Structures are given as structure tokens and as C-alpha cells.
There are 2 protein chains.
Amino acid sequence: MDRVDSKIVSLLYENARIPISEMSRNIAMSQPAVTERLRKLEEQGVITAYRAKVDPYKLGLHTMAFVLFKTNTCKDFVAFSESSPEIVDLYRISGEYNFLIKVLSETTESMTRFLEKCNVFGFSTTLIVLSTDFEDRSLLDRDITNYPFP
Amino acid sequence: MDRVDSKIVSLLYENARIPISEMSRNIAMSQPAVTERLRKLEEQGVITAYRAKVDPYKLGLHTMAFVLFKTNTCKDFVAFSESSPEIVDLYRISGEYNFLIKVLSETTESMTRFLEKCNVFGFSTTLIVLSTDFEDRSLLDRDITNYPFP
DNA sequence: GTTGAAAAAACAGAGGA
DNA sequence: TCCTCTGTTTTTTCAAC
């Protein structure tokens, strides 16, 4: 992982559908060399996926919430979460609560119905998202002086 | 937005670098027709971006946290957040706290230093992420009977 | 890491249900 | 309007170095 790799990842973060030929022009390196570097970045697990980012509002998902859980039935809760498409993210956290989930639902009413289903797992606190200032910022636009690069 | 569009978005969620020709074979529609539908999905804002998903651990970012804030200086806090690369997500929420941020930092020590900088904005509660069970689940693998499709 | 040729994909226009 | 067909340009793949 050097500056060229960092540039490749950065370009693919900005636009995952960029042609390799365009990247190769951008960083002044031959196209097969970029292809091989990209293959290694995927193999090493630096790049784990390429995703289209979808606007939830355009799919009718108008309500977002974060929910904190305090539960003893962890295994059951994880199984429930995996089978609930409303739950987009699932984190284990330290502190008073032991789980944090991000939920997307159609309306506040459907969100309420979903939260009622969750009550069996223990105490919870719901944080309704009023607006998103930004989301999913680049991990590469940082001061890279402390990066784990050789 | 019909079933074909839904399939296109779904395929691009699974792999944003899939060739249009492969999608066209998958859904039995000509390549220019898929190209045109994709153009419209982007134009309508259903698809907002294509992103390479990067493993933060592989970049040396070993510590993730969610931080809740109770602040009066909203404008200043947003400006601070925008200029802080550690902050990946920024949400305004309802309830006792008015902001929720997701933070990625190198170590617990660098996270601590960052959190100290945040203290000027008001009261905060930090939730350290111990592990991520899943993140960024598909919005399209739902029961689409209630979808806002014609 | 580079070059160069063959294969594949994307693009742009014409025309049909 | 939405699609298919077709020729041209661009990109990817794969060989050899």
C-alpha cells in the first residue's frame, strides 16, 4: 500500500464505476499495472466491495432511526436482526447499552410497529434521525503522515 | 421505477463495477435499453453514487465510535464536523441529544484526543464499537409489495 | 513495470412496436 | 415512450518482454 494504491482506492471511492483506463491516465501508469494493483487491493481485503449508493427516500423509506438496546439474549437478538430487512447496520457497543442498530422504514407508523416487535429483547432507546448532514465520508482524505504505509 | 429498474439497482448494489452488458444478459434486455434506464436512475437521484467500500482496519483505523452530543452551538458544531476527517457520518436527531456522529480513529488514544477536542461543544456520550455484525445492508431485499412502484 | 494485438463492452444513431 | 439493431469507438484482457 503506497501512494499509487492510495490514489487508486481514492478514485474508486469517488466513483466505483470509473474505467481502469481512466485511472491509468490519471496516475500516469500503464493500464495492466493498475489492473494488477487493483487485483491485489481486493485480494488483501483493502477494498471489500463496490456499491451503488441508493437514496432511501426514493424507495419510499422516509424514516431513519438509531436504536440502542440493553439485552441479555444476544444470540436471539442478532438472529432477529439478520432476518429484519429494516435493520441496515448492527454494532456491538460498550457502555450502558450493548447493541446499536440503524433502521430504515417507510413511515413513522411502520417504524413504531417495528420498534414494538423489538421490545421483547429488553430495554431500548430510539433516536429518530431528523436529517443527515453527511454520511460515509472518505477514509482517505486524511493527513496520511501517520498512515501504515511503508 | 419498476421491477427491471429494481433489478438494475440491486445488481449495482451487489457489485457496482458489473458491466452493463452483463446486466443486460441477466435481465434479458438490450444493452442500450439498460444504459438508458441506468442514466435515468442516476438523473432521478435513485442512485446517488458508486463507492468502493474500504476496510478501515487495513488503513490503520482500528477504533470506531458513535458519539451523542447535546449542544447549543449547532452551526459551529457542523462546521467543526465538516473539517474533521475523523467524523464519517453526521446526523441530527431528536430526543435528549441533538447530534449523532460516527468516528473512525487510529487507536483508542487518538480517539481520546479527538473526543477531548469535542468537549467544547457541550455534553457528549461516547459509544465505542466493539464489533460490527453487519453494515450497509441492501435496501432492496425487502418485501416489495408495499414499494412505491406503479 | 511496459507494449501491442485480439476480444469485449460502451456509445451513438436509425428505425420499429 | 420504450425498445432493438447495428456500426464505431473505447476499454479490457492476455500474450510476450
Side-chain angles (χ1 to χ4, degrees), chain A residues 1-61 138-140 144-145 147-150, chain B residues 1-55 58-60 138-142 144-150:
Chain A
M1 186 92 190
D2 58 11
R3 302 303 158 104
V4 174
D5 285 340
S6 176
K7 183 70 185 172
I8 290 170
V9 176
S10 186
L11 286 168
L12 286 164
Y13 173 84
E14 296 299 328
N15 174 20
R17 284 187 71 76
I18 186 175
I20 290 175
S21 55
E22 199 176 321
M23 285 198 276
S24 82
R25 283 191 291 269
N26 216 300
I27 59 188
M29 184 181 273
S30 75
Q31 199 258 15
V34 176
T35 304
E36 180 58 14
R37 276 171 175 266
L38 184 50
R39 193 194 62 74
K40 281 180 182 161
L41 286 166
E42 291 168 357
E43 191 186 57
Q44 291 164 2
V46 177
I47 294 172
T48 57
Y50 302 99
R51 294 256 157 102
K53 202 176 167 191
V54 180
D55 184 347
Y57 275 65
K58 295 289 163 66
L59 297 180
L61 302 168
S138 170
L139 307 184
L140 287 123
I144 63 166
T145 49
Y147 262 38
F149 296 165
Chain B
M1 185 89 191
D2 58 10
R3 302 304 158 103
V4 174
D5 285 340
S6 175
K7 183 71 184 170
I8 290 170
V9 176
S10 185
L11 287 168
L12 286 165
Y13 173 83
E14 297 298 330
N15 173 20
R17 284 186 71 76
I18 186 175
I20 291 175
S21 56
E22 198 177 322
M23 284 197 277
S24 83
R25 284 190 291 268
N26 216 301
I27 59 188
M29 185 180 274
S30 75
Q31 190 262 3
V34 176
T35 304
E36 180 59 14
R37 276 172 175 268
L38 183 50
R39 192 193 63 74
K40 281 181 181 162
L41 286 166
E42 292 168 356
E43 191 186 58
Q44 291 165 2
V46 176
I47 295 172
T48 56
Y50 302 99
R51 294 258 157 100
K53 202 177 167 189
V54 180
D55 185 346
K58 296 288 162 69
L59 297 181
S138 170
L139 307 183
L140 286 123
D141 296 338
R142 297 177 181 225
I144 63 167
T145 49
N146 292 321
Y147 262 36
F149 295 164

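All of these numbers come straight from a predicted model, not from anything done at the bench. Protein chains get the first letters and strands the later ones, always in sequence-line order, with residue 1 at the start of each. Values reported hereafter were calculated over all heavy atoms of this structure, with side chains retained and with hydrogens, waters and symmetry mates removed.
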> Which nucleotide in the set D/dT4, C/dT3, C/dA10 lies at the smallest distance from any side-chain heavy atom of B/Pro32?
Replying inline: D/dT4

Whole angstrom is fine here: how far is it from [atom1] in [X] over to [atom2] in [N]?
| X | N | atom1 | atom2 | value |
| --- | --- | --- | --- | --- |
| A/Ile18 | D/dT12 | CD1 | C1' | 15 Å |
| B/Leu41 | D/dC2 | CG | P | 12 Å |
| B/Ile8 | D/dC2 | CD1 | P | 13 Å |
| A/Leu38 | D/dT11 | CG | P | 16 Å |
| A/Arg37 | D/dT13 | CZ | P | 18 Å |
| B/Ile20 | D/dT11 | CD1 | C1' | 13 Å |
| B/Met23 | D/dC3 | CE | P | 14 Å |
| A/Asn26 | D/dT11 | CG | P | 13 Å |

What is the nucleic acid contact for [X], judged by heavy atoms within less than 4.0 Å: base, sugar-phosphate only, or nothing?
| X | result |
| --- | --- |
| B/Glu36 | nothing |
| B/Arg39 | nothing |
| B/Ser30 | base |
| A/Gln31 | base |

Distance from [X] atom [atom1] to [Y] atom [atom2], nearest 0.5 Å?
| X | Y | atom1 | atom2 | result |
| --- | --- | --- | --- | --- |
| B/Leu38 | A/Arg17 | CG | CZ | 6.0 Å |
| B/Leu59 | A/Leu140 | CG | CG | 5.5 Å |
| A/Glu42 | A/Leu12 | CD | CG | 8.5 Å |

> Any side-chain heavy-atom pair from A/Gln44 and B/Asp55 closer than 4.5 angstrom?
Replying inline: no

>> Heavy-atom nearest nucleotide on DNA chain C for A/Ala33 versus A/Arg17: which residue maps closer to 5'?
In response: A/Ala33

>> So that I can tick it off, tell me whether A/Arg39 and A/Glu36 are bridged by a salt bridge, with the cut-off set at under 4.0 angstrom between side-chain N and carboxylate O.
In response: yes

> Can a side chain N or O of A/Ser21 be found less than 4.0 Å away from OP1 or OP2 on D/dT12?
Replying inline: yes

